There are 2 protein chains.
Amino acid sequence: MAEDSTILIVDDEAAIRDVVGITLDLAGFDTIKAANARDAHVSIIDQKPDLVLLDWMLPGGSGIELARRLRRDEVTSNIPIIMLSAKASEDNKVQGLNEGVDDYVTKPFSPRELVARIKTVLRRVNAKQGDGHDSVLQVFDLQLDPTSHRVTIEDRAVEMGPTEFRLLKFFLQNQEKVFNRDQILNLVWGANIYLEERTIDVHIRRLRKALSQVKGTTINYSKLIQTVRTAGYRFSIRSA
Amino acid sequence: MAEDSTILIVDDEAAIRDVVGITLDLAGFDTIKAANARDAHVSIIDQKPDLVLLDWMLPGGSGIELARRLRRDEVTSNIPIIMLSAKASEDNKVQGLNEGVDDYVTKPFSPRELVARIKTVLRRVNAKQGDGHDSVLQVFDLQLDPTSHRVTIEDRAVEMGPTEFRLLKFFLQNQEKVFNRDQILNLVWGANIYLEERTIDVHIRRLRKALSQVKGTTINYSKLIQTVRTAGYRFSIRSA
DNA sequence: CAAGTATGTGACAGTAATGTTACCGGGAAG
DNA sequence: CTTCCCGGTAACATTACTGTCACATACTTG
């Protein structure tokens with residue numbers, strides 16, 4: 001079995017992150033950590049954990065909010081979520097499960113219980129979908145490898161910042177479809193983040209610039225990112 | 001998008017109403033205001049706002065009471081509600097969400113956050129209704145794809161401006177029927193906008209020109225847009 | 001045919017949307 | 001602590017679209 005599954009731990013308290021992290025390490029899981037909803041969302045988009053352990057109480061944006069957002073976005077909608085909470089209230093529980101959360105664990109919990117629940121959820125999910133996971137995304141001679149976090153054109157490395165990487169990955173996974181700035185913000189940056197929409201234009205510019213780095217290619221890869229006036233941006237291999 | 005949505009602001013403090021009102025005005029929303037639950041209810045019935053911003057604490061009838069009432073009445077039950085509150089307590093939040101409230105914003109909040117949340121809720125609500133709305137519209141070898149925001153004739157791209165795109169989409173959805181300029185103005189440009197009716201003729205011209213871009217087709221697609229003298233325009237396939 | 005009305009067409013200027021550059025502040029790395 | 005990198009923003013530059021006009025053409029009516 002995939003005991004080397006990666007779990008993202010989202011909690012604002014470092015102590016909890018550490019305790020849970022150690023528990024899961026001992027159980028043979030890989031762990032990533034995030035202290036707030038924004039970082040969590042970035043990590044999820046970026047690293048595609050196999051499961052998210054999500055605290056109900058998060059500063060600057062509740063966990064339930066993030067859960068809802070993850071469910072809505074088709075890229076992240078199949079990542080299972082287990083909610084962590086100090087509250088034993090049935091109301092919360094019902095609310096959480098309604099949001100598409102896979103399970104609900106109340107603090108305090110025993111390590112053994114937590115691990116058991118994680119395994120149960122993973123088994124259930126894996127049974128549903130035989131997953132070919134982080135495969136390399138490719139368009140013509142452009143390759144993006146989520147695992148090694150690397151982009152190449154005709155086997156030559158393309159330098160870009162983390163945000164441009166996530167943006168490109170998003171586009172590669174959602175080609176031929178126009179997204180307005182609002183959608184891009186929500187899907188690439190994450191929920192509960194409030195930025196100027198023009199920020200996107202700048203990152204689009206940076207991404208196009210990065211793709212133009214590699215000279216002498218048959219295809220102008222920066223042209224694949226198309227502006228659709230008043231509508232947003234689109235990644236399309238149809239241009240000529 | 002329809003940024004001309006109308007928002008009803010319900011708060012007993014005039015200062016808050018003003019601040020929020022200005023914020024939403026700047027974001028391009030229309031606003032109505034109410035100082036208490038009764039006025040709010042009247043305004044909602046009367047003007048059918050697209051969304052209600054509702055203060056938690058209201059004199060003579062709490063906001064949550066109003067929210068509950070709105071949900072119960074079938075006429076108002078699908079109007080989204082965002083609760084405003086000075087209380088940061090999670091309990092309130094959970095209770096609010098259980099009452100069918102769509103989102104919950106605690107004071108103090110940044111204008112940007114408020115606007116973003118409103119947009120998110122509106123998008124979610126709008127998405128629910130119009131999901132079969134995104135199918136490809138086709139007439140002979142002319143295709144208009146709302147998702148990729150693209151028009152093709154025999155798989156070749158047709159360039160046109162945003163207004164021409166909307167116009168063509170409108171015609172494809174309403175074929176064989178004559179519309180006068182007034183109707184076209186209202187249905188394509190939107191209500192409460194005043195333009196010279198002749199403006200439409202110009203856009204019709206531009207659309208016809210765009211459709212003539214693609215040469216060598218069996219069908220002259222620009223001919224499908226027909227002038228009906230003294231009556232308006234009609235999109236009809238009965239002529240080719 | 002002439003006059004009157006409706007629509008086609010090309011050009012123009014204001015403006016909205018996007019492209020581009022530069023700067024600042026925060027956080028990580030050393 | 002300093003340095004460097006990066007993300008977000010603002011300011012400026014550029015592009016593309018919109019709406020209107022003026023004139024041309026077509027149709028209608030008497």
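As the structure is a prediction and not an experimental result, all values here were calculated from the model. Chain identifiers are assigned alphabetically (A, B, ...) following the order of the sequence lines, protein sequences preceding nucleic acid strands; residue numbering begins at 1 within each chain.
For the salt bridge (Lys or Arg N to Asp or Glu O under 4.0 Å) test, residues two or more places apart in sequence or in another chain that qualify with Glu196(A) are Arg112(B). Here Ser148(A) pairs with Asp145(A) under the side chain to side chain donor-acceptor pair (under 3.5 Å) rule; sequence neighbours left out. With sequence neighbours excluded, no residue forms a ring pair (Phe, Tyr, Trp, His ring centres under 6.0 Å) with Phe140(A).
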Revision key, fill the gap. The contact string for nucleotides 24-30 of chain C, one letter per nucleotide 5' to 3', using protein heavy atoms under 4.0 Å with B, S and - for base, sugar-phosphate only and none, comes out as -------

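Protein chain B touches strand DNA chain D; the 5'-most and 3'-most nucleotides with an atom under 4.0 angstrom of its non-hydrogen atoms are dT9(D) to dT28(D).
Atom CG in Leu195(B) sits about 14 Å away from atom C1' in dT15(C), given to the nearest Å. Taking atom NZ of Lys223(B) as the reference point, atom C1' of dG8(C) lies 14 Å away to the nearest angstrom. Remark: P of dG8(C) and CD1 of Ile200(B) are 12 Å apart, rounded to the nearest angstrom. When rounded to the nearest whole Å, the span between CG of Leu207(B) and P of dG8(C) equals 12 Å.
For the residue pair Thr217(A) and Arg156(A), no side-chain donor N or O sits within less than 3.5 Å of a side-chain acceptor on the partner. Between the side chains of Ser236(A) and Arg150(B), a donor-acceptor pair is found at a separation under 3.5 Å. Side-chain polar atoms of Thr230(A) and Arg166(B) form no donor-acceptor pair below 3.5 angstrom. Between the side chains of Tyr233(A) and Asn180(A), no donor-acceptor pair is found at a separation under 3.5 Å.
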Exercise for review: For Ile16(A) and Asp55(A), run side chain to side chain contact (heavy atoms under 4.5 Å, CB included): C-alpha distance rounded to whole Å, both residues' side-chain angles, the deciding distance at 0.1 Å, then the answer.
Suggested key: CA-CA 10 Å; Ile16(A) 304 255; Asp55(A) 189 28; over 6 Å; no

**Study point:** Working for side chain to side chain contact (heavy atoms under 4.5 Å, CB included), residues Val214(A) and Val158(A)
**Key:** CA-CA 7 Å; Val214(A) 182; Val158(A) 181; 3.9 Å; yes

Review point. Stepwise, does the salt bridge (Lys or Arg N to Asp or Glu O under 4.0 Å) test hold for Asp201(A) with Arg181(A)?
Key: CA-CA 9 Å; Asp201(A) 300 47; Arg181(A) 291 172 175 72; 2.9 Å; yes

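Using a 4.0 Å heavy-atom criterion, one finds that Glu164(A) contacts the sugar-phosphate atoms exclusively.
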Atom pairs, protein N/O to nucleotides 16-20 of chain C N/O, distance under 3.5 Å:
from	atom 1	to	atom 2	distance (Å)
dA17(C)	N3	Arg229(A)	NH2	3.3
dT18(C)	OP1	Thr230(A)	N	2.8
dT18(C)	OP2	Arg181(A)	NH1	3.3
dT18(C)	OP2	Arg181(A)	NH2	3.4
dT18(C)	O5'	Arg181(A)	NH2	3.4
dG19(C)	OP1	Arg208(A)	NH1	2.9
dG19(C)	OP1	Thr227(A)	OG1	2.5
dG19(C)	OP2	Tyr233(A)	OH	2.5
dG19(C)	N7	Arg198(A)	NH2	2.8
dG19(C)	O6	Arg198(A)	NH2	3.0

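Taking the six-membered ring where the residue is Trp, the centroids of Phe179(A) and Phe171(A) are separated by 6.0 Å or more.
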